**Student:** 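The structure is given below, and queries will be raised subsequently.
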Amino acid sequence: STIQLKRYDPIDKIKHSLPYRFFLTTVKGIPDENNALNALSLKEILSTQHGQLIQSAQFNYMFHIDWLIEQYPSEFRQKPLLIVHGCKRDELASLKAECSPYPKIELCSADMPIPFGTHHTKMMFLLYTEGIRIVIHTSNLIPQDWNQKTQGIWISPIFPKISKTTDDYSTTTANSDSHTNFKRDLLTYLDRYSSKQLQFWMQTILEHDMSSANVHVISSVPGRFTGGDFQKFGHLKLRQVTIYCTLKTYLGIDKQEQYQSWPIVGQFSSIGSLGKDADQWLEKEFLTTLKQLNSSYLEKPELKLIYPSVENVRTSLEGYKAGGSLPYSMNTAMRQPWLNKYLYQWHSDYRNRTHASPHIKTYLRTSNDYKQLLWFLVTSANLSKAAWGSLEKDNTQLFIRSYEIGVLFLPKNFSCSSFPILDDKISDSFPIPYDLPPTKYEAKDKPWIVDIPYTSQRDSHDCTWNPH
Ligand SMILES: O=C(O)c1cnc2c(S(=O)(=O)O)cccc2c1O
C-alpha cells in the first residue's frame, strides 16, 4: 500500500504526550504549569488544529447538549453528531428536548437489557478529512466534569484511511490492525449494541489503518458470557491480557519471590455492593483475576484501593459538591465495613491535583518499591460487579450489567519490561495521575458517602452538605 506520510499531529506538540498519549483534564484554579503538561480541555480536543471534522460520535452517560455543542469550534457545530446514550423514560425525553434545536444530532440508545446496568462508556469518534481519531476518557459531557476534577483521557493518533488497493477491506483488516488487536476489540465492543447507526461507524473503523495503536481495549457490555466469549469482556479480559506480565517477564525464580506480592492499586469514584466480606468477590474474583491464572504458586498481591475520604472531598476545590460525583451510598457502605481497611486517600501533589477531586478510574500493578509499573488501565469502570462482572455457573459464565470501556498500557507494547515511575515529573516516567505509594486513611478518616449530611465542618467554600 502507499506509504502513509506521518501527518503532523499537534497533540504530539504537547510535551511528554508521546508515547502514552494519556492526559488529564485541565483544572481551573491550579498553576498553569500543571495544566500545560499532559492536560487537555474538551475545546482543545475538538479544536480545528487537530483535524478538519466531517462528523463525530459521542458515547457517554450524562450530557449537557448546549454546552457540548459550544465545545466544538463554530465551523464544526453543524456537522452530524451521533449521541450514544443509555437514557430511558424521562431522562430520554429531556435528552430529546435538549437535542431538538440541533437537526444534525442523532440519538442512538444503547440496548440496556439488564436491570441496574448503565451506559458508563465515555468515548469520542472524530472523523476528519485526514482520517479518524478515537478518544477514550472518563468525563461526562457536562461542564462540571471538565472544570475542577481529575479526569483521564487517552487520545489516539489520527488513523489514516486504508488506501483502497484491494476490492474489499477484509483482506487489509489483518494488516490494518495493531498487535494489540485494538481494531478487532473495538469492533467486538461496538457489535454488541446491534445498532443500525453504529453500523456506519463500524464500517468507517474497518476502513482505517489502526496498526499504530499501542494500547489494548478493555471493555464491558451487558450480558452473560461463556465459551468463546468468556474472556472477551470485564475482569476476565483484563486477566487474559495482563497474564503475560506474570508468566514470561517476572516468573524467573529470582523475581518470583519478589513479584508475588507486587501490589495492585485500584482507584475509582464509586463502589458497588461487593458482598459481606472480601472473599465474596474482591479477593476471590477481582483480585484473582489480576493474579496468575495457574494457581501453581500461591501469589498474594496486596490490594490498595484509592477512594476519597470525607476530608479529601471537604478540602477539594469544589468542596462537598465534589461529592455529588462520588455516589457511594450509605445503603451499600453500611453493609461492607470490611472494605475500609483497603482504602487509601486521594493524593496527587506531584500533579498538583490533590484538591481536584477524582472522577477518573484507574487500575495498575507496581513493584514493591513503586519504581516499576507492570501495567496501567484507565477506564470508565468503577469498583463494582455491574462494571467488571461476576462469575456464575461454577465459574463458567461471567455476568456483566453495564457498558464500560478503557485502555490498557502494557510495557511490551512500548518495548520495555516495565514502565519507569520516577518521582520527578519531567522525566519520561509514566504519567500516573496520583502519588505513589498511596496514603492510608488516617484513624479518623471515613470514605465519602453521598447521601448523608456533613455539617460539623464547613468545606473550602464555607458550605455544609445536606442531601435532600
Ligand atoms: O460518570 C458516570 O458514569 C456517573 C454515573 N453515575 C453517577 C451517579 S448515579 O447515577 O450513580 O447516581 C451520580 C453522580 C455521578 C455519576 C456519574 O458521574
Side-chain angles (χ1 to χ4, degrees), residues 24-25 42 58-65 67-68 83-92 94-95 109-110 112 114-124 135-154 189 218-222 234 266-274 306-308 310 312-313 316 318-333 336 346 356-363 377-388 400-407 433 447-452 454 465-468:
L24 300 182
T25 47
L42 183 52
Q58 294 282 358
F59 296 65
N60 220 298
Y61 174 79
M62 283 187 208
F63 302 84
H64 182 315
I65 296 296
W67 174 83
L68 170 60
I83 299 281
V84 185
H85 65 89
C87 301
K88 296 187 220 178
R89 294 181 294 278
D90 43 6
E91 282 166 339
L92 178 56
S94 53
L95 183 59
S109 74
M112 301 295 297
I114 293 170
F116 305 109
T118 46
H119 186 259
H120 268 167
T121 286
K122 296 166 173 70
M123 175 161 63
M124 309 181 196
V135 181
I136 292 174
H137 63 106
T138 64
S139 302
N140 284 293
L141 294 172
I142 59 178
Q144 69 259 37
D145 266 38
W146 294 82
N147 187 27
Q148 296 189 306
K149 294 182 187 299
T150 299
Q151 302 268 22
I153 305 165
W154 175 76
Y189 170 80
I218 306 288
S219 71
S220 293
V221 291
Q267 175 274 315
F268 35 76
S269 61
S270 190
I271 307 171
S273 175
L274 306 178
I306 297 175
Y307 174 78
V310 175
N312 292 159
V313 176
S316 72
E318 298 170 274
Y320 285 131
K321 268 214 179 65
S325 298
L326 298 164
Y328 188 24
S329 71
M330 186 58 176
N331 181 35
T332 303
Q336 48 200 33
W346 169 259
S357 182
H359 187 260
I360 187 174
K361 295 92 173 144
T362 61
Y363 301 80
L377 171 70
V378 57
T379 173
S380 61
N382 281 308
L383 188 68
S384 75
K385 295 193 242 184
W388 285 104
I400 297 176
R401 295 179 189 272
S402 297
Y403 289 86
E404 312 279 355
I405 199 162
V407 291
W448 168 265
I449 288 170
V450 68
D451 47 2
I452 59 174
Y454 299 98
W465 178 261
N466 286 288
H468 27 283

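First listed ligand is number 1; within each ligand, the first listed atom is number 1. Bear in mind that the values here come from a model prediction, so they are computed numbers and not experimental data.
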**Student:** Quick one: look up the protein heavy atom nearest atom 8 (C) of ligand 1 and list residue, atom name and how far away it is.
**Tutor:**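 Minimum-distance protein heavy atom for atom 8 (C) of ligand 1 reads Pro327 CG, 3.7 Å.
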**Student:** Give the residue and atom name of whichever protein heavy atom lies nearest to atom 16 (C) of ligand 1, and the separation in Å to one decimal.
**Tutor:** Met62 CE, 3.6 Å
**Student:** Note the single closest protein heavy atom to atom 18 (O) of ligand 1, along with its residue, its atom name and the distance in Å.
**Tutor:** His359 NE2, 2.7 Å
**Student:** Is it true that the side chains of Ser380 and Thr121 contain a donor and an acceptor less than 3.5 Å apart?
**Tutor:** no
**Student:** Can you sort out which atoms of ligand 1 are near His120, meaning under 4.0 Å from one of its heavy atoms?
**Tutor:**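 What qualifies from ligand 1 is 2 (C), 3 (O), 5 (C).
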**Student:** Where do Phe63 and Leu95 come nearest, in terms of heavy atoms and distance?
**Tutor:**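 Phe63 and Leu95 have their closest heavy atoms at CB-CD1, 4.1 Å.
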**Student:** How far is atom 2 (C) of ligand 1 from the closest protein heavy atom, and which atom is that?
**Tutor:** Lys122 NZ, 3.3 Å
**Student:** Between Trp146 and His137, what is the ring plane arrangement, given parallel below 30°, perpendicular above 60°, and tilted in between?
**Tutor:**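 Taking His137 first and then Trp146, their aromatic rings sit tilted (interplane angle of 30° to 60°).
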**Student:** Name the closest protein heavy atom to atom 14 (C) of ligand 1, giving the residue it belongs to and the distance to 0.1 Å.
**Tutor:** Gly324 O, 3.1 Å
**Student:** Please confirm whether Trp346 and Trp448 have ring centers closer than 6.0 angstrom.
**Tutor:**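 No, the ring centres sit 6.0 Å or more apart.
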**Student:** Is there a nitrogen or oxygen of Asn140 sitting under 3.5 Å from a nitrogen or oxygen of ligand 1?
**Tutor:** yes
**Student:** When the ring planes of Tyr307 and Phe268 are compared, do they come out parallel, tilted or perpendicular, using 30° and 60° as the limits?
**Tutor:** parallel
**Student:** Measure the distance from atom 9 (S) of ligand 1 to every protein heavy atom, then report the residue, atom name and distance (to 0.1 Å) of the closest one.
**Tutor:**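 Here the nearest protein heavy atom works out to Tyr61 OH, 4.1 Å.
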**Student:** What closest approach, in Å, do Ala322 and Val313 show between heavy atoms, and which atom pair accounts for it?
**Tutor:** CB-CG1, 4.3 Å
